[in-house]
Amino acid sequence: MVVAFNVTGNGQGEWAVLEVSGELDLVTSPVLRQRVHDEVAEGRHSLVLDLSDVFFCDSSGVGVLIASRRLMSSCQGRLRLILPAQGAEDGSHVNRVLGALGVRRLFDVHPDVASAVREDADPLSA
């Protein structure tokens with residue numbers, strides 16, 4: 001079964017929300033990198049990456065997430081990730097990968113879009 005990689009965007013107030021699905025790997029990570037850069041170029045400095053439907057993430061995908069964090073920080077922006085406890089069928093793969101690499105603590109993680117776009121939102125603990 002082949003599942004296509006897809007990034008769709010929408011707005012939630014001042015937040016741009018990119019919903020990512022499929023595999024985030026060497027082939028597909030440049031697509032996400034470009035979409036993040038496009039959002040910043042269009043003046044959006046509050047970004048949510050919804051990774052609920054990403055079922056595989058390799059080191060290049062992690063690299064894009066870290067680079068996105070760095071980019072948002074450099075323009076005094078904000079980046080929040082959605083990594084639910086259950087997602088992408090058997091639990092958030094990205095959450096497990098970031099945890100295993102010891103970099104999950106670098107990200108402001110939320111369970112869903114509603115939580116991520118709230119100004120008073122408390123992130124999930126690392």
*asked:* Test your reading of the model: is there a side-chain donor-acceptor pair from Thr28 to the backbone of Glu23, 3.5 Å cut-off?
replied: yes
*What's the verdict on side chain to side chain contact (heavy atoms under 4.5 Å, CB included) for Val20 and Leu32, showing C-alpha distance, side-chain angles and the deciding distance?*
CA-CA 8 Å; Val20 185; Leu32 180 57; 3.9 Å; yes
*Which atoms form the tightest heavy-atom contact between Ala67 and Arg33, and what is the distance?*
CB-NH1, 3.5 Å
*Using the rule that two of Ile, Leu, Val, Met, Phe, Trp, Tyr join whenever any of their side-chain heavy atoms come within less than 4.5 Å, decide whether Leu101 and Leu83 are in one cluster.*
yes
*Work out which heavy atom in Cys57 is nearest to a heavy atom in Val97; give both atom names and the distance.*
O-CG2, 3.8 Å
*Provide the full list of salt bridge (charged side-chain N to carboxylate O under 4.0 Å, His left out) pairs with a residue in residues 59-79, sequence neighbours left out, each pair given once.*
Glu14-Arg78, Arg78-Glu119
*Working for side chain to side chain contact (heavy atoms under 4.5 Å, CB included), residues Trp15 and Arg80*: CA-CA 10 Å; Trp15 290 90; Arg80 294 179 177 172; 3.5 Å; yes
*Measure the CD-CG distance between Glu39 and Leu79 for me, rounded to the nearest 0.5 Å.*
11.5 Å
*Asp112 and His110 side chains, donor-acceptor separation under 3.5 Å*: no
*For the side chain of Ser115 and the backbone of Pro111, is there at least one donor-acceptor N/O pair under 3.5 Å apart?*
no
*Can you tell me how far CZ of Phe107 sits from CG of Leu51, rounded to the nearest 0.5 angstrom?*
9.0 Å
*Got Thr8 and Leu18 here, is their nearest side-chain heavy-atom distance under 4.5 Å?*
no
*If you round to the nearest 0.5 Å, how far is CZ of Arg105 from CG of Leu98?*
11.5 Å
_Ser74 OG to Met72 CE distance, which is reported to the nearest 0.5 Å_ = 8.5 Å
*Looking at Asp25 and Ser60, what are the two nearest heavy atoms and their distance?*
C-OG, 3.0 Å
_Apply side chain to side chain contact (heavy atoms under 4.5 Å, CB included) to residues Leu65 and Val94 and explain how you reach the verdict._
CA-CA 10 Å; Leu65 297 177; Val94 180; 4.0 Å; yes
*Report yes if the side chains of Ile82 and Val48 come closer than 4.5 Å at any heavy-atom pair, otherwise no.*
yes
*Looking only at heavy atoms, what is the nearest atom pair of Leu26 and Asp58, with distance?*
N-OD2, 3.3 Å
*Taking all non-hydrogen atoms of both residues, which atom of His45 and which atom of Val40 are closest, and how far apart?*
NE2-O, 3.8 Å
_Derivation and outcome, side chain to side chain contact (heavy atoms under 4.5 Å, CB included), residues Leu81 and Asp108_ = CA-CA 6 Å; Leu81 303 183; Asp108 189 359; over 6 Å; no
*When rounded to the nearest 0.5 angstrom, what is the spacing between CG in Leu24 and CG in Asp53?*
13.0 Å
*Nearest heavy-atom pair of Gly9 and Arg35: which atoms, and what distance?*
N-NH2, 3.7 Å
